Amino acid sequence: MGQKSKADQYGLKELIAEKYDGGKKTIVYVTEEVNEYLKQNGYKITVSREAVRHAIRNYEDEIADVRKGVEISKAMAEVFKDHPGTEQSEAMLMCLAQLVTKELRNIESINFEDPAEMIHATAKLTLAQAKLSQYRTQAVKALDKAKEKIKAELQAAIQHDPELLGRLCKIVDDTKVK
């Protein structure tokens, strides 16, 4: 990996973003303010306009990623609003797993200070997906068992009208959980 920028080394990214104020100030003005801050706090360094521009671009990229994530979440919530919670949870977990996989592929973006934490988070996502799948299977089995019990009780209660029993059993069989 390449050398860290001064903004990263000295933790200036937040200060630069704050001074930039969402684009209300120019890069030249932000550079002057950051350098003044460094001077007032005893640092013997300065930050170039290019470093400030780079930090601002990274900040704006992060904001765009967050906005995209919010849009994806809203779209998923809209698509799954009439579905059971397990389907919603599975979709969200799949989305999170895709994001982690995407980050793992982009080797330059990985922070190697604590790779165990990333691996642990990935393992937790995988375990959550497996458990959710297991819960879904259990719920489907429970629903099928409940349908069979209802049909058995209907058979016992309506022995004298087989046509009605057949129609009711068809209704029970066709019932799906939304």
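All residue numbers refer to positions in the sequence shown, counting from 1. Computed over heavy atoms, backbone and side chain alike; hydrogens, waters and symmetry mates excluded. Keep in mind the model is a prediction, meaning the values are calculated, not measured.
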Requested in this report: Would you please test Lys149 and Glu153 for side-chain contact (heavy atoms from CB on, under 4.5 Å) and show each step?
Outcome: CA-CA 6 Å; Lys149 187 174 181 181; Glu153 288 181 20; 3.5 Å; yes
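- To the nearest 0.5 Å, atom CG of residue Asn58 and atom CZ of residue Arg53 are 9.5 Å apart.
- Atom CZ of Arg67 is separated from atom CD of Glu60 by 9.0 Å, given to the nearest 0.5 angstrom.
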**Report entry** Working for side-chain contact (heavy atoms from CB on, under 4.5 Å), residues Lys13 and Glu62
**Finding:** CA-CA 12 Å; Lys13 290 173 84 172; Glu62 288 176 17; 3.9 Å; yes
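- Shown here is Arg57, whose CZ atom has more than 12 heavy atoms of other residues, nucleotides or ligands within 6.0 Å.
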Report task. Take Lys151 and Asp173 through the test side-chain contact (heavy atoms from CB on, under 4.5 Å) and record every step on the way to the result. Result -> CA-CA 9 Å; Lys151 288 190 329 190; Asp173 286 338; 3.0 Å; yes
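- Distance check: Tyr20 OH to Thr31 OG1 gives 11.5 Å after rounding to the nearest 0.5 Å.
- Cluster membership for Ile45 and Val34, using ILVMFWY side-chain heavy atoms within less than 4.5 angstrom, is shared.
- At a threshold of 4.0 Å, the pair Lys68-Glu71 does not count as salt-bridged, since none of the basic side-chain nitrogens sits closer than that to a carboxylate oxygen.
- Side-chain contact check for Tyr37 and Glu33: no donor-acceptor pair (N or O, by modelled atom type) lies under 3.5 Å.
- Distance alone, capped at 3.5 Å, places no donor-acceptor pair between the Asn35 side chain and the Thr46 backbone.
- Atom CD1 of Ile63 and atom CD1 of Ile56 lie 12.5 Å apart (nearest 0.5 Å).
- One distance of note links NZ of Lys19 with CD of Glu36; it measures 9.5 Å at 0.5 Å rounding.
- Smallest separation of non-hydrogen atoms from Lys25 and Val30: CB-CG2, 4.1 Å.
- Closest non-hydrogen pair, Ile16 versus Ala55, comes out as CD1-CB, 3.8 Å.
- In this structure, a donor-acceptor pair under 3.5 Å is absent between the side chains of Tyr59 and Glu14.
- Summarising the geometry, atom CG belonging to Leu15 is positioned 7.5 Å from atom CG belonging to Leu38; distances are rounded to the nearest 0.5 Å.
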